[in-house]
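Data first, discussion second: the structure below is written as structure tokens.
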2 protein chains.
Amino acid sequence: MNARDTIDCCDYIHTHEDIVEAVRQKMPDEDTLYDLTELFRIFGDSTRIRILYVLFEAEMCVCDIASLLGMTQSAISHQLRALKNARLVKGRREGKTVFYALADDHVKTIIDQGLNHIAE
Amino acid sequence: MNARDTIDCCDYIHTHEDIVEAVRQKMPDEDTLYDLTELFRIFGDSTRIRILYVLFEAEMCVCDIASLLGMTQSAISHQLRALKNARLVKGRREGKTVFYALADDHVKTIIDQGLNHIAE
DNA sequence: CTAATATATGAATGATTGTTCATATGTTCA
DNA sequence: TGAACATATGAACAATCATTCATATATTAG
């Protein structure tokens, strides 16, 4: 099948052209779609989820997180950067140490929704 | 640094041992962590997000979704399987055609939370 | 300034993943 | 039964990504 043939792919599309039009109009723009996908992609890694769980409890320095999760400082630092770029965590420098904390409480809300789904 | 050295990685961990202990206890078990990560990983792909958006509007057959998104039937079918395994969509066969629909309204809630965050 | 400590980062690598292609399965109709 | 259609699926390939290693930056103490 050729995906470019937008209307002749099967017998059903002609019977629901109003719906097809509604879908087309309600699709979010490319930028929103990209940001949304990117946000969930960040949540889709167990190291990053673990880091977020750690930060639910308290702000913490890179090395403590690494220690808690049994991973290297470098690995954690790389992932903290990803989380920071997604504005899920924020860093605060105090001398040599950088303390990371959750950026806001959307994070917890999103994770809770995820937990809701898997608990179902 | 060796990540196995759970206590001697920096000067701070000793000053917050109560918090470290609290974090340890509140970390979800491995299974939950895996399911949660897996769920968000499924949301973390723009094709799958697009499919979910299409299904917000109405149930639809594989080939219509493919047509709407300008992708091949095979690609969509593969992704529908992923969405089905994550129990985000469900399929209903009617003759030759299989209609897919959202499994429940957690899906919309989770995506809305994501939109909330990026709109912020 | 130098040494020590905490964090950040670029490059390399192994693993994972989305799409494609070819083909199989399942259903209807003649 | 056989042809036509809708969907599903396994294997292969290219692209993406998490971690590691080595090293750079930043801060403090001496």
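Lettering of chains follows the sequences in order, A, B, ..., and the numbering in each one begins at 1. Scope of the values below: all heavy atoms of this structure, side chains included, with no hydrogens, waters or symmetry mates.
- Under 4.0 angstrom from either OP1 or OP2 of dA8(D) there lies at least one side-chain N or O belonging to Tyr100(B).
- The CZ-P distance, from Phe99(B) to dT7(D), rounds to 8 Å in whole Å.
- Rounded to whole Å, atom C1' of dT7(D) lies 17 Å from atom CE of Met60(B).
- Using cut-offs of 30° and 60° on the angle between ring planes, the pair Phe40(B) and Phe43(A) is tilted.
- At dA6(D), none of the side-chain N or O atoms of Thr97(B) fall inside 4.0 Å of OP1 or OP2 (strictly under the cut-off).
- We find that CD of Glu94(A) is positioned 13 Å from P of dT27(D), with the value rounded to whole Å.
- Across Arg48(B) and Ala82(B), no two heavy atoms sit closer than the pair CD-CB, 4.3 Å.
- Ser74(A) has no side-chain polar atom (N or O) that falls below the 4.0 Å cut-off from OP1 or OP2 of dT20(D).
- Across dA6(D), dA8(C), dT20(C), the shortest atom-to-atom separation from the side chain of Ser77(A) is found for dA8(C).
- Listed here is the closest heavy atom pair of Ile42(A) and Ala86(A): CG1-CB, 3.9 Å.
- For the pair His78(A) NE2 and dA11(C) P, the interatomic distance rounds to 11 Å; values are reported in whole Å.
- A heavy-atom distance below 4.0 Å to DNA chain D is reached by none of the residues of residues 33-48 of chain B.
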Under the criterion side chain to side chain contact (heavy atoms under 4.5 Å, CB included), I'd like the reasoning laid out for Ile118(A) against Glu38(B): C-alpha separation, chi angles, the key distance, then a yes or no. CA-CA 10 Å; Ile118(A) 64 177; Glu38(B) 185 62 16; over 6 Å; no

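- Closest non-hydrogen pair, Ala103(B) versus Arg87(B), comes out as CB-O, 3.2 Å.
- Thr97(A) and Cys61(A) get closest at one heavy-atom pair: CG2-CB, 3.2 Å.
- Ranking dG18(C), dT20(C), dT27(C) by closeness to the Ala75(B) side chain, first place goes to dT20(C).
- Checking dA8(D), dT9(C), dT7(C) against the side-chain heavy atoms of Arg81(A) singles out dT9(C) as nearest.
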Under the side chain to side chain contact (heavy atoms under 4.5 Å, CB included) rule, what do Tyr100(A) and Ile51(A) come out as? Steps first, then yes or no, please. CA-CA 10 Å; Tyr100(A) 281 89; Ile51(A) 292 176; over 6 Å; no

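- Here the C1' atom of nucleotide dT7(C) and the CD atom of Glu59(A) are 16 Å apart, to the nearest Å.
- Nucleotide dT28(D) holds its P atom 8 Å from the CZ atom of Arg93(A), rounded to whole Å.
- One finds no side-chain N or O of Gln73(B) lying less than 4.0 angstrom from the OP1 or OP2 phosphate oxygen of dA6(D).
- We find that CE of Met71(B) is positioned 7 Å from C1' of dT19(C), with the value rounded to whole Å.
- In this structure, Leu83(B) atom CG and dG18(C) atom C1' are separated by 13 Å, rounded to whole Å.
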